[in-house]
Amino acid sequence: IRYTLFGTVQHQGSMSGGHYTAYARTARGPPARWHHFSDTHVSEVNEAAVLGSQAFLLFYERVNPETANGHGAADSSEVGTDVDMGE
């Protein structure tokens with residue numbers, strides 16, 4: 001079973017307050033396109049920014065090998081954020 005990362009949530013601040021932002025893969029790949037969302041600002045970012053963030057929530061989707069390219073699930077050779085959970 002394989003899963004592909006499609007979003008993260010970050011928190012900047014303290015336990016009593018702060019600011020939340022998110023990264024999300026918005027265009028189904030390949031190639032995957034990542035965006036950073038922060039209140040009223042959205043910007044396209046590279047995958048290194050996503051992987052280097054200090055996320056506390058990670059969102060994965062299950063990759064169906066039979067429809068990975070046709071359905072839009074990312075191929076591990078293109079995105080690099082797949083997780084193999086074994087069976």
Checklist entry - Does a donor on one side chain and an acceptor on the other come within less than 3.5 Å for H19 and S38? => result yes
Item to check | Working for side chain to side chain contact (heavy atoms under 4.5 Å, CB included), residues H11 and F56 | outcome: CA-CA 8 Å; H11 179 262; F56 75 96; 3.7 Å; yes
Checklist entry - Is there a chain of hydrophobic side chains (I, L, V, M, F, W, Y, each step under 4.5 Å between heavy atoms) that links Y20 to L57? => result yes
Checklist entry - Mind checking what makes side-chain contact (heavy atoms from CB on, under 4.5 Å) contact with A55, not counting sequence neighbours? => result T8, Q10, S53, L58
Next on the checklist: Below 30° counts as parallel, above 60° as perpendicular, anything between as tilted: where do the rings of F6 and F59 land?
Outcome noted: tilted
Next on the checklist: Checking S43 against H36: is there a side-chain donor and acceptor pair closer than 3.5 Å?
Outcome noted: no
Checklist entry - So which heavy atom on F37 is nearest to which on A24, and how close? => result CE1-CB, 3.7 Å
Checklist entry - Can you tell me if R25 uses its side chain to pair, donor with acceptor, with the backbone of L5 under 3.5 Å? => result yes
Item to check | Sub-4.5 Å side-chain heavy-atom contact between Y23 and L51 | outcome: no
Item to check | Inter-residue atom distance E61.CD - T4.OG1, 0.5 Å rounding | outcome: 6.0 Å
